[in-house]
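Below is one structure, written out as structure tokens, with a few remarks after it.
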Amino acid sequence: MSLAQFTTAASDYAVHVDRLFMLLSVISVAVVLLVSALIIIFLARYHKGSRAPRGETPERFDREVEICWTAATFFSFLFIFWWAASDELTALKAPPNALEIHLVAKQWMWRIQHPSGAREIDELHVPAHTNVRLAMTSEDVIHDLYLPALRLKQDVLPDRYTYLWFNATKTGIYHLTCAEFCGTDHSVMAGRLVVVTPEEYARWSAAQPEGDDLAHQGEVLFHSLGCSGCHTPGSTVHAPDLHGIYGHAVQLADGRTVSADEAYLHDCIVLPAKNRVAGFPPLMPNFTGSVNEGQIVALVAYIKSLTPQMAGSSRGETQ
Ligand code: HEC
Ligand SMILES: [Cu+2]
């Protein structure tokens with residue numbers, strides 16, 4: 001990995017991280033210089049046999065110096081904490097309406113699914129000057145997505161989603177790599193982050209062969225896996241209507257109320273026993289082994305696309 005990867009800052013967040021890093025480096029260097037200088041000065045001045053004054057230090061002077069340096073370090077640390085924490089906090093929550101790209105890690109590759117349905121492996125195309133949110137999961141062990149040019153690193157874990165968001169400002173090709181030792185070929189689990197202009201991104205994703213968008217791929221799976229057999233209004237099995245469920249509260253049979261986010265929908269498919277919905281027979285089958293993470297991403301995208309309005313119209317049709 002070339003040094004340029006660590007020096008190019010391809011987003012505003014990266015610039016902020018660099019500033020903080022510079023501040024900490026400057027402070028550390030200043031402290032090292034100060035301490036070394038004092039050691040040398042005192043060595044010269046107070047070595048054995050020198051004629052330096054060796055009486056008691058005045059008590060008042062002692063106390064004042066003590067209070068001053070304690071207060072100064074305390075407030076400097078508070079300031080650094082505030083600065084670092086405010087940068088971290090903005091990095092935590094993606095702005096609404098960010099372009100959501102799914103990433104599935106697997107020994108030893110990165111599989112990427114775009115909302116347009118475009119897919120790629122070990123290569124992540126993103127539009128510049130656009131808020132991009134990565135929703136990530138792993139099919140096997142713990143991986144860690146590292147995007148040095150964006151100063152971002154996030155663990156990618158099996159059985160749960162983790163997220164990252166960024167707004168790349170510089171087009172170019174950057175490193176994308178795994179930063180968690182994940183087995184034999186960990187060292188080659190690397191790829192490229194390709195930041196292009198929004199127009200180029202649109203052109204690129206339209207040119208991908210997998211024409212169907214993610215939600216539509218999910219719809220096809222929803223039928224082929226038999227989900228629709230139960231989850232259609234009017235089916236013989238009493239199963240919840242999935243229209244409008246995304247983002248809403250769900251009452252569970254064990255008394256908990258949970259928010260139907262991506263992680264919840266994911267778990268409904270592969271860990272149904274964890275979330276039995278109140279008021280329904282516990283008939284949701286476990287699809288572990290028959291769907292992979294990429295298919296779950298598509299199914300969840302489809303469920304997310306089912307708006308409550310559509311529920312009204314589809315009920316109208318069946319009546
Ligand atoms: C045999 C019928 C059946 C099939 C097939 C089925 N489900 Fe279900 N599903 C249910 C039932 C019944 C529930 C509610 C009770 C429970 O949680 O077990 C449910 C619950 C759910 C929930 C939670 C709904 C809520 O209101 O919180 C989701 C999401 C879901 N299913 C998605 C799917 C998907 C995706 C598939 C296909 C991969 C699928 N189901 C296949 C019967 C089914
Ligand atoms: Cu890995």
Side-chain angles (χ1 to χ4, degrees), residues 103-111 121-122 136-147 153-158 162 175-191 214-215 217-254 256-306 308 311:
L103 185 151
V104 178
K106 182 176 157 40
Q107 284 168 323
W108 289 275
M109 60 168 104
W110 303 99
R111 280 208 248 107
I121 286 178
D122 290 344
M136 310 184 287
T137 189
S138 162
E139 246 170 42
D140 37 49
V141 300
I142 298 176
H143 299 275
D144 189 14
L145 180 75
Y146 183 27
L147 300 167
K153 200 190 252 178
Q154 172 64 53
D155 272 359
V156 179
L157 309 166
T162 52
H175 277 289
L176 173 160
T177 186
C178 183
E180 182 80 49
F181 180 62
C182 58
T184 320
D185 283 342
H186 159 70
S187 62
V188 294
M189 191 170 163
L214 205 52
Q217 290 170 18
E219 184 175 7
V220 172
L221 284 168
F222 198 76
H223 291 281
S224 64
L225 290 166
C227 319
S228 53
C230 297
H231 288 283
T232 306
S235 108
T236 48
V237 179
H238 182 45
D241 181 1
L242 302 178
H243 287 89
I245 162 180
Y246 179 67
H248 283 87
V250 177
Q251 187 74 49
L252 297 183
D254 60 11
R256 282 179 300 142
T257 305
V258 294
S259 165
D261 54 11
E262 284 163 334
Y264 169 79
L265 296 175
H266 172 277
D267 289 355
C268 284
I269 302 169
V270 286
L271 295 165
K274 189 178 141 197
N275 302 312
R276 290 295 179 197
V277 185
F280 291 92
L283 291 180
M284 173 67 198
N286 190 332
F287 284 88
T288 310
S290 36
V291 290
N292 64 33
E293 288 297 339
Q295 293 171 316
I296 298 176
V297 164
L299 282 168
V300 171
Y302 171 63
I303 296 173
K304 282 169 72 175
S305 75
L306 297 170

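As the structure lists them, so they are numbered: ligands from 1, and atoms in each ligand from 1.
Between C227 and L299, the shortest heavy-atom contact is SG-CD2, 4.5 Å. Among all heavy-atom pairs drawn from C268 and M284, the shortest one is O-CE, 3.4 Å. Nearest heavy atoms, P158 versus V141: CD-O, 3.7 Å. The shortest heavy-atom contact between V104 and E293 is CG1-CB, 3.7 Å. For the pair P285 and P272, the tightest heavy-atom approach, listed with the atom from each and the gap, is O-CG, 3.6 Å. Nearest approach of F287 to L225, heavy atoms of both residues: CE2-O, 3.9 Å.
Ion pairing between a basic and an acidic side chain is recognised when a charged N comes within 4.0 Å of a carboxylate O; R111 and E139 show such pairing.
Residue side and main chain included, Q107 places no N/O/S atom under 2.8 Å of the Cu ion (ligand 2).
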>> Could you go through C178 and W108, starting from their C-alpha distance and side-chain angles, then the distance that decides it, and tell me whether this counts as side-chain contact (heavy atoms from CB on, under 4.5 Å)?
In response: CA-CA 9 Å; C178 183; W108 289 275; over 6 Å; no

> How far apart are the C-alpha atoms of R256 and N275, what are their side-chain angles, what is the distance that settles it, and do they pass the side-chain contact (heavy atoms from CB on, under 4.5 Å) test?
Replying inline: CA-CA 9 Å; R256 282 179 300 142; N275 302 312; 3.7 Å; yes

> Between L221 and V291, is a side-chain contact (heavy atoms from CB on, under 4.5 Å) present by the stated rule, with each step listed?
Replying inline: CA-CA 9 Å; L221 284 168; V291 290; 5.9 Å; no

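Here the protein heavy atom with the shortest distance to atom 15 (C) of ligand 1 is P281 O, 3.3 Å. Of the protein's heavy atoms, C227 SG, 2.8 Å lies nearest to atom 36 (C) of ligand 1. The nearest heavy-atom contact from the protein to atom 13 (C) of ligand 1 is P240 CD, 3.3 Å. For atom 18 (O) of ligand 1, the closest non-hydrogen atom on the protein side is R276 NH1, 2.6 Å. Here the heavy atom of the protein found nearest to atom 2 (C) of ligand 1 is C230 SG, 1.9 Å. Closest protein heavy atom to atom 39 (C) of ligand 1: M284 CE, 3.3 Å. Counting only heavy atoms of the protein, atom 27 (O) of ligand 1 lies nearest to Y264 OH, 2.5 Å. Of the protein's non-hydrogen atoms, the one nearest atom 9 (N) of ligand 1 is H231 NE2, 2.8 Å.
Looking at I245 against ligand 1, only its side chain comes within 4.0 Å, counting heavy atoms. With a 4.0 Å heavy-atom cut-off, ligand 1 is reached by no atom of P272. The backbone of N275, and not its side chain, has at least one atom closer than 4.0 Å to an atom of ligand 1 (non-hydrogen atoms only; backbone = N, CA, C, O). Looking at V250 against ligand 1, only its side chain comes within 4.0 Å, counting heavy atoms. In H238, the part holding a heavy atom less than 4.0 Å from any atom of ligand 1 is the backbone. At a heavy-atom distance under 4.0 Å, only side-chain atoms of I269, from C-beta outward, approach ligand 1. Only the side chain of C268 comes within 4.0 Å of ligand 1, judged by heavy-atom distances.
Note: Y302 and F222 have tilted aromatic rings, judged against thresholds of 30 and 60 degrees for the angle between ring planes.
Contact annotation: P282 has at least one heavy atom less than 4.0 Å from an atom of ligand 1. Taking a 4.0 Å cut-off on heavy atoms, G229 fails to register as neighbouring ligand 1.
At the Cu ion (ligand 2), the angle from SD in M189 to SG in C182 is 100° when rounded to 10°.
If you look at H143 and ask which of its N, O or S atoms sits nearest the Cu ion (ligand 2), the answer is ND1.
In the vicinity of G226, heavy-atom distances shorter than 4.0 Å reach the ligand 1 atoms 5 (C). Within the listing of ligand 1, atoms 1 (C), 12 (C), 18 (O) sit less than 4.0 angstrom from a heavy atom of L283. Annotation for ligand 1: atoms under 4.0 Å from non-hydrogen atoms of P285 are 3 (C), 4 (C), 5 (C), 6 (C), 7 (N), 43 (C). Each of the atoms 29 (C) of ligand 1 lies under 4.0 Å from some heavy atom of L265. Shown in contact with F280 at under 4.0 Å from a heavy atom are these atoms of ligand 1, numbered in order with element: 14 (C), 15 (C).
Note: an N/O pair closer than 3.5 Å links V277 and ligand 1 by distance alone.
Taking 4.5 Å as the limit, every side-chain heavy atom of L306 sits out of range of all side-chain heavy atoms of I245. Counting only heavy atoms from C-beta outward, the side chains of D144 and K153 approach each other to under 4.5 Å. Inter-residue side-chain proximity for H143 and Q107 is flagged as met; some heavy-atom pair is nearer than 4.5 Å.
Side chains of N286 and T288: a donor on one and an acceptor on the other come within 3.5 Å.
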